[in-house]
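Here the structure comes first, spelled out in structure tokens, and everything after it is commentary.
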Amino acid sequence: MDPIKQKFVEVALPRVAEFRKLLADHSEKVIGEITIGQVLTGMKGMVSLLCDTSKLDPEEGIRFRGYSIPELRERLPKRNPEGEPLPEGLFYLMLLNELPTREDVDALSREWASRSDLPDYVYKILDAFPTDTRPMVQFSTAILAMAKDSKFMAAYLDGMGKKEHWDQTYEDVMDLIARLPRIAAYIYRRMYHGNKQIDPDPSLDWAANLAHMMGFDNYEVHRLMRLYMFLHSDHEGGNVSAHTTHLVGSALSNPYYAYAAGMTGLAGPLHGFANQEVIRWMFNMIKEIGPACDDKEKIRKYIMQQIEDGKVIPGYGHAVLRKTDPRFTAQLEFGQKYLPDDPWLITMTCLFEVVPEVLVGISKIKNPWPNVDAGSGVLLMHYGIKEFDFYTVLFGVSRALGVLASLCWDRAYGLPIERPTSHPLDWFKKQAGM
Ligand code: CMX
């Protein structure tokens, strides 16, 4: 058994015993009330999911297994002391609830490299798409196609017992994460670089290899890609991509089905698609008001007009957060350190000053502050990854780390199929005495 899998068994056994005891002794304990408003407006704040990998605090932002982003940027292993954490380390932490050593992380890099070959039919399927097919359509299809070789599915059909479910889920999860950079880079090179593909470099880590295969072979892009893959990985269990992966997984659908479903949710403009929308939106703004990077008055007028026209300002607002997203702050700090004079960064900083001032005046908006998507595209643009239609794929590669670590835990706990109750409108009217 590979050492990470062995460790997972050791960590999971006592936790699963606690889970069973909690369920056996305290099932009836009441932990909250549900209002009609919550049901009819997206179940916000309703406790309804178990997720160990990370927790989102509305005021502070995300913590991964209890660690904040600044803490992990300090403490997770890096390739260079002044660099960014290797995302392998964050996956290790989310899966095993333990900070890894550099050796642990290198072993995981090697494990993923050994599993990263794509079946030939995946290339053929991707080659069949017209090159102007949306990158997320290609990405989700490639993931779904690989369900053909799901080890979970094969073992299930072979009569695998319930106690073994976590084991084959782990195998699929490791294969899937290992292969994602290959899929993403293949789509990118085929769409934007005349299908001139680049072989992986076995000496590189998971994130740097993605940058390398996309054609970006310098330390700066590798450092940015490690940060990007770290920051977008997980945001507790209720966001659309995480919840969808979990929900579909609860039907014992194999990890390829579950994660592909999560990716089609990530592709929505209110979720991960917002990262590319931000750049499209900035281009439109610049087209209309001119390259007025730091002209706050012009920017303010433009934003007010957008709101009046009933449009959302992408990259701002959040369903849970009520302060500036620390993932945005990490990207802003990175930008101020390495590309302070970049005109896009100056525009982004200016938007950060102006947009919240405007949104705060609109009472229905609960959070006027920037989220992760307000900052990511500007950094990618600076280093030459300018094809913003592709950005949600990068978000998706990263999001695999969190949602698939969670899926391993779902199967270890043996969580049952998810099946909440629904009612017609008249039922709610009756509850309200209408
Ligand atoms: N610009 C304009 N209007 C906004 C807004 C924004 N950035 N954020 C919220 N609003 C509006 C909503 O559309 C809603 O209007 P209606 O009542 O007319 O439908 C109202 O304000 C209340 O919304 P809310 O309760 O504050 O926010 P929600 O929880 O409903 O939605 C989110 C959250 C993120 C979808 C929303 O803020 C938004 O659309 N933001 C822009 C898109 C974006 O950046 N999404 C990425 C989020 C992070 C991620 O998942 O990647």
Side-chain angles (χ1 to χ4, degrees), residues 35 37-46 51 54 56-59 61-62 69 136 228-245 262-282 284-285 299-300 302-332 348 351-380 388 391-403:
T35 65
Q38 281 179 304
V39 176
L40 301 189
T41 61
M43 300 189 280
K44 313 272 168 52
M46 195 190 284
C51 174
S54 66
L56 181 59
D57 180 87
E59 303 295 321
I62 195 71
I69 288 172
M136 281 303 278
Y228 190 104
M229 291 294 137
F230 162 53
L231 291 177
H232 292 76
S233 60
D234 207 32
H235 223 217
E236 73 165 41
N239 66 79
V240 171
S241 50
H243 187 189
T244 308
T245 305
M263 289 302 97
T264 56
L266 188 76
L270 300 187
H271 192 17
F273 191 79
N275 72 353
Q276 55 194 70
E277 273 298 279
V278 166
I279 297 298
R280 199 172 66 93
W281 184 91
M282 282 171 84
N284 285 342
M285 179 181 81
I299 290 180
R300 188 186 313 276
Y302 183 78
I303 293 162
M304 287 169 82
Q305 188 58 52
Q306 294 276 300
I307 301 283
E308 216 169 297
D309 293 346
K311 295 176 186 160
V312 296
I313 311 299
Y316 283 79
H318 200 273
V320 179
L321 278 165
R322 294 296 174 256
K323 287 275 161 66
T324 295
D325 189 337
R327 300 172 299 174
F328 172 80
T329 308
Q331 295 178 109
L332 182 63
M348 169 184 128
L351 284 166
F352 180 31
E353 286 173 40
V354 177
V355 177
E357 277 177 19
V358 176
L359 296 187
V360 89
I362 300 164
S363 59
K364 67 177 182 177
I365 297 179
K366 298 191 190 69
N367 173 31
W369 301 105
N371 60 58
V372 66
D373 300 316
S376 56
V378 164
L379 302 183
L380 293 167
F388 56 87
Y391 290 173
T392 312
V393 172
L394 294 177
F395 195 156
V397 174
S398 167
R399 187 46 59 100
L401 300 177
V403 302

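First listed ligand is number 1; within each ligand, the first listed atom is number 1. Quantities reported herein were computed from a predicted structural model and do not represent experimental measurements.
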**OP:** Return a yes/no value: protein heavy atom under 4.0 Å from atom 47 (C) of ligand 1?
**Re:** yes
Original post:
Can a salt bridge be assigned to the pair Lys323 and Glu59 using a cut-off of 4.0 Å between side-chain N and carboxylate O?
Top reply: yes
Original post:
Is it the case that Arg327 and Asn371 place a side-chain donor and acceptor less than 3.5 Å from each other?
Top reply: no
**OP:** Give the residue and atom name of whichever protein heavy atom lies nearest to atom 10 (N) of ligand 1, and the separation in Å to one decimal.
**Re:** Ile365 CG1, 3.6 Å
Original post:
Does an N or O from Arg327, backbone or side chain, lie closer than 3.5 Å to an N or O of ligand 1?
Top reply: no
**OP:** Flag yes if more than 12 heavy atoms outside Met43 fall under 6.0 Å of its CE atom; otherwise flag no.
**Re:** no
Original post:
Quick check, are the ring centers of His235 and His243 under 6.0 angstrom apart?
Top reply: no
Original post:
Quick one: which ligand 1 atoms are inside 4.0 Å of a heavy atom on Lys44?
Top reply: 28 (P), 29 (O), 30 (O)
**OP:** Among all protein heavy atoms, pick out the one at the shortest distance from atom 16 (P) of ligand 1; state its residue, atom name and that distance to 0.1 Å.
**Re:** Lys364 NZ, 3.8 Å
Original post:
Please state which protein non-hydrogen atom is closest to atom 49 (C) of ligand 1 and give its distance, to 0.1 Å?
Top reply: Asp373 OD2, 3.4 Å
Original post:
Is the gap between the ring centers of Phe273 and Phe395 under 6.0 Å?
Top reply: no
Subject >> For atom 26 (O) of ligand 1, the protein heavy atom that lies nearest, with its residue and separation >> reply: Lys366 N, 2.8 Å
Original post:
Can we call the ring centroids of Tyr316 and Trp281 under 6.0 Å apart?
Top reply: no
Subject >> Heavy atom of the protein closest to atom 6 (C) of ligand 1 (residue, atom name, distance) >> reply: Ile313 N, 3.6 Å
Subject >> Top protein contact for atom 33 (C) of ligand 1, by heavy-atom distance >> reply: Ala319 N, 3.7 Å
Original post:
Are any of the N or O atoms of Ile307 closer than 3.5 Å to those of ligand 1?
Top reply: no
**OP:** Can you see which heavy atom on Asp234 is nearest to which on Ser54, and at what distance?
**Re:** OD2-OG, 2.8 Å
**OP:** Write out the residue and atom name of the closest protein heavy atom to atom 40 (N) of ligand 1, then the distance separating them to 0.1 Å.
**Re:** Tyr316 O, 2.8 Å
**OP:** Classify the angle between the aromatic ring planes of Tyr228 and His232 as parallel (below 30°), tilted (30 to 60°) or perpendicular (above 60°).
**Re:** parallel
Original post:
In terms of heavy-atom contacts, does CZ of Arg280 have more than 12 from other residues, nucleotides or ligands at under 6.0 Å?
Top reply: no
Original post:
In the protein, what heavy atom is nearest to atom 13 (O) of ligand 1, and what distance, to one decimal place, separates them?
Top reply: Val312 CG1, 4.0 Å
**OP:** Look only at interatomic distance and state if Gly315 has a nitrogen or oxygen under 3.5 Å from any nitrogen or oxygen of ligand 1.
**Re:** yes
Subject >> Proximity winner for atom 45 (N) of ligand 1, if only heavy atoms of Asp325, Leu270, Asn275 are counted >> reply: Leu270
Original post:
Are any of the protein's heavy atoms under 4.0 angstrom from atom 21 (O) of ligand 1, yes or no?
Top reply: yes
